[in-house]
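Predicted model only: the values in this text are computed from it and were never measured.
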Amino acid sequence: MILRQTGLMFVAALCVLLSGRGVSASEVDEWTHSAWLDDRYLVRWTPGADDVTFEVSVATLGYVGFGLSLDGRMQGSDVVIGWVQHGRTIFQDRHVSKGHVEPIVDASQDWELLRGMENDTHTVLTFRRAYDTCDRDQDIRITNDTMRMVWAYHSEDPVPGLPLAYHGPGQRGARSAFLVLRVDQSAPPKHEVLHTWELRNPSVLLPSTEESLYWCKIFKLPATMTEKSHIIRYEPLHQPGNRPYMHHAMVYECLDNPELDKLSRLPGAPCYQQSAPQAHSSCTNIALAWAYGSEGFTFPPEAGYPLEPTAGPRYFMLETHYTNPSMHAGVRDSSGIKIFYTTKLRPNDAGVLSVGMDPNWRHIIPPGQPAVVSEGHCIGTCTQRSLPRQGVQVFGVMLHTHLLGRRVRLRHIRGERELAPLASDSNYDAGYQEFRRLPNPTQVMPGDHLISECVYNSSARNAITLGGLTIREEMCLAVTLYWPRVNLSLCYSLPSLPTVLHSLGIHELYPGSNPVKIKSPTDIANMTLEHRLLSYDWKNNFHHFQEATHSGSFKPLCWHSANPTLLPGTEDHEYFFPNVSRLYREPNAASCRLRKKKLDEPLRVEVSNSIEQNSGLISETSSLNIGPSLRVRALGLLAAGLLCVLL
């Protein structure tokens, strides 16, 4: 009898410890974000002021796993395991530690179950977690960086007393996402009359001998569009089964060219090749940008991207970057972009400004290095001559690199002071690139200097990587959405030739030599520049290279969006990194406040990792220390425990 009473007291105390505040229907029925992790697993979530509320709906009657990881691997991940058995939900906060196959139950249970249910086909769990639980050893902080959602499920519930059954290789995975600064996936306002325009590729055959293909297709504005309209949303069009092949897509405005009408009736052609139509070069102003992992972008109510059939561009080019790393043969794709537009205009025309490194061979990434820093500048002279006196409001940013990118930020300098970055990601995933919608638009003023800063990991490469358009080359860009629209579309920079030569230990080249040969210093005289790039001792000269590229001069490339020309007054000058006397420092993380209910005396629970049928959190081998004052409250806790079990 005493043992039974102690067990009931234990369940009651546990119920008190784990029962959080109630959850209202508005918290879990109106979700701001959602993603399919596979065709049977849907996750929805809504960020709050202090925590994030999740709901997973999985087509299984067994256990369900969900969690967070920094790199997509299970090792080091912070997970929850839950299932519904005989109408009762069992829910466990766990983590995956090195050397353990099965996730270990956390001593501190920081994921809070809100409700669980099961019908004939699905298991549904709703739960929440604080951004920072202060459990630094076993939990992962939720930040504005790219997070990896890890997931798994099994067809059967766990067996009490036995280890967790393996879910199998086909019922698990990882998916990158912005948990906080992600564009709401809510539908456009119901009162707006929307029209659609599909920019779809016509069955493009992907090469089976190359990893990358850039395909360009010209489109003409719909004939039904007779007045100015605003794009208020766009989203990808994926051909079923082909989602992994479409890496990113850009939509460019085209200047009037007599060839464009004819090209709009053709299926398109590979971009950036000698055989590509000359008219493609008239399409330079980025209008829309999408990258793998994004489910689209919805513009804020203050702005829309303008389409003007009488006064603006009538032709647009869809540039689709396909990747086929396994070189599958016979793959044809008809994916593209779907545009939603309205004639009910927003208060402001939105614009797109791309900031970063011009994709050129002078952008050099040495091999075998865990952290290579590259910087692309939009100089203050460009913004001074392009932006209105009141500046522009940046409301969205997409950071873009290819395979080596690991950390990216868009730095913001005003005068000699560095402001908070417009966007920053210290856990960047090159396979997931989506616009971040800023919680509040950030003002960029005339004269502000912007820097797209990329950190690459080239440890696995034995040869240099150069800037370029293919997936094996690299890029460093930050694409911003802003209002009001101005005549500046691309604001790039490129290291000057003297900077490149200095970074490679070269003093002088032979003028007019072909191939380009080195004149001095004497120890490398007559060596070709190409050979120097390939044979340079990067291991011993890496720090010199980084210092030379950071402190050396660069050439700004400020492209006027109304015509493909450089902004007058910037094309013949070289600039240096701005003089910044006050660098931006990330604020210290808020002090940890444990969000746990406390009883009169501490309640100590030692948790094993086996599955326990009665509580799902505490195993039969757990010990329970209850202070004297808790014993006084035994009857009350016992009643609460019975009620908890019944509910």
For Trp36 and Tyr41, run ring-ring contact (aromatic ring centres under 6.0 Å, His included): C-alpha distance rounded to whole Å, both residues' side-chain angles, the deciding distance at 0.1 Å, then the answer.
CA-CA 6 Å; Trp36 285 96; Tyr41 198 122; 9.1 Å; no
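- In this model, a donor atom of one side chain and an acceptor atom of the other lie less than 3.5 Å apart for Tyr322 and Asp333.
- Contact record, Leu399 with Val408: CD1-O, 3.6 Å, taken as the closest heavy-atom pair.
- Nearest approach of Ala174 to Gly72, heavy atoms of both residues: CB-O, 3.5 Å.
- Interatomic distance, CZ of Arg129 versus CG of Asp50, reported as 12.5 Å (0.5 Å rounding).
- Side-chain contact between Leu205 and Val331: absent, with no pair of heavy atoms (C-beta onward) separated by less than 4.5 Å.
- Under the 3.5 Å distance criterion, with hydrogens and angles disregarded, no donor-acceptor pair is assigned to the side chains of Asn201 and Ser334.
- The two residues Pro306 and Ala350 make their nearest non-hydrogen contact at CD-O, 3.4 Å.
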Report all side-chain donor-acceptor pairs from residues 255-263 shorter than 3.5 Å, counting only partners two or more places apart or in another chain.
unit_1, atom_1, unit_2, atom_2, d
Asn257, OD1, Glu259, N, 2.9
Asp261, OD1, Lys220, NZ, 3.4
Asp261, OD1, Tyr315, OH, 2.9
Asp261, OD2, Arg265, NH1, 2.6

Evaluate the criterion disulfide bond (SG atoms under 2.5 Å apart) for residue pair Cys382 and Cys491; output intermediate values, then yes/no.
CA-CA 8 Å; Cys382 292; Cys491 201; 4.0 Å; no
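- Taking 4.5 Å as the limit, some side-chain heavy atom of Ile232 sits within range of a side-chain heavy atom of Leu194.
- Aromatic rings of Phe554 and His377 (six-membered ring for Trp) have centroids within the 6.0 Å cut-off, being under it.
- Across every non-hydrogen atom of Asp349 and Trp483, the tightest pair is O-CB, 3.6 Å.
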Criterion side chain to side chain contact (heavy atoms under 4.5 Å, CB included) on Thr323 and Tyr245, from CA distance to verdict
CA-CA 5 Å; Thr323 60; Tyr245 297 108; 5.7 Å; no
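- Residues Phe297 and Phe435 bring their aromatic ring centres within 6.0 Å.
- For the 3.5 Å distance criterion, the side chains of Tyr214 and Thr320 fail to qualify, holding no donor opposite an acceptor.
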Any chance you could lay out the ring-ring contact (aromatic ring centres under 6.0 Å, His included) test for His238 and Trp290, step after step, and finish with the verdict?
CA-CA 12 Å; His238 290 297; Trp290 173 91; 5.5 Å; yes
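- Within a 6.0 Å sphere centred on CZ of Arg407, other residues, nucleotides and ligands contribute 12 heavy atoms or fewer.
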Take Phe66 and Trp151 through the test ring-ring contact (aromatic ring centres under 6.0 Å, His included) and record every step on the way to the result.
CA-CA 4 Å; Phe66 176 82; Trp151 52 272; 9.9 Å; no
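- Applying the side chain to side chain donor-acceptor pair (under 3.5 Å) test to pairs two or more places apart or on separate chains, those with a residue in residues 392-406 are His400-Gln433.
- When all heavy atoms are compared, the tightest approach of Ser374 to His363 is OG-NE2, 2.9 Å.
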May I have the list of side-chain donor-acceptor pairs in residues 412-423 shorter than 3.5 Å, sequence neighbours left out?
unit_1, atom_1, unit_2, atom_2, d
His412, NE2, Asp448, OD2, 2.8
Arg414, NE, Asp448, OD1, 3.0
Arg414, NE, Asp448, OD2, 3.3
Arg414, NH2, Gln443, O, 3.2
Arg414, NH2, Asp448, OD2, 2.9
Glu416, OE1, Ser581, OG, 3.4
Glu418, OE1, Arg411, NH2, 3.1
Glu418, OE1, Tyr584, N, 3.2
Glu418, OE2, Arg411, NE, 2.7
Glu418, OE2, Arg411, NH2, 3.3

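- Rounding to the nearest 0.5 Å gives a distance of 8.5 Å between CG of Leu221 and CZ of Arg314.
- A 4.5 Å side-chain heavy-atom check between Leu125 and Glu55 finds every atom pair outside the cut-off.
- Between Pro446 and Thr383, the closest side-chain pair of non-hydrogen atoms is not below 4.5 Å.
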What do the steps show when you test Arg485 against Glu253 for salt bridge (Lys or Arg N to Asp or Glu O under 4.0 Å), and what is the final call?
CA-CA 14 Å; Arg485 180 174 172 164; Glu253 293 179 347; 2.7 Å; yes
Go through the steps to decide whether Lys338 and Glu235 satisfy the test salt bridge (Lys or Arg N to Asp or Glu O under 4.0 Å), and finish with yes or no.
CA-CA 5 Å; Lys338 185 174 184 178; Glu235 58 191 36; 5.0 Å; no
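- Cation-pi geometry between Arg233 and Phe299 is not met: the NZ or CZ atom fails to fall both under 6.0 Å from the ring centre and inside 45° of the normal.
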Before you tell me yes or no, could you show the steps for Tyr153 and Asp38 under side-chain hydrogen bond (donor to acceptor under 3.5 Å, both in side chains), namely the whole-Å CA-CA distance, both residues' side-chain angles and the distance that decides it to 0.1 Å?
CA-CA 11 Å; Tyr153 56 93; Asp38 75 355; 2.9 Å; yes
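- Atoms OG and CG, from Ser452 and Leu410 in turn, are 6.0 Å apart once rounded to the nearest 0.5 Å.
- Summarising the geometry, atom CG belonging to Asn348 is positioned 14.5 Å from atom OH belonging to Tyr305; distances are rounded to the nearest 0.5 Å.
- Two residues are said to be in side-chain contact when any heavy atoms from C-beta on lie closer than 4.5 Å; Arg437 and Leu181 fail this criterion.
- Two residues are said to be in side-chain contact when any heavy atoms from C-beta on lie closer than 4.5 Å; Pro309 and Thr226 fail this criterion.
- Atom NE2 in His33 sits 10.0 Å away from atom CZ in Phe54 (nearest 0.5 Å).
- Here the two cysteines Cys283 and Cys216 have their SG atoms 2.5 angstrom or farther apart.
- When every heavy atom of Lys217 is checked against every heavy atom of Gly268, the shortest pair comes out as CD-N, 3.8 Å.
- Between atom OG of residue Ser229 and atom CD1 of residue Ile231 there is a gap of 9.0 Å, rounded to the nearest 0.5 Å.
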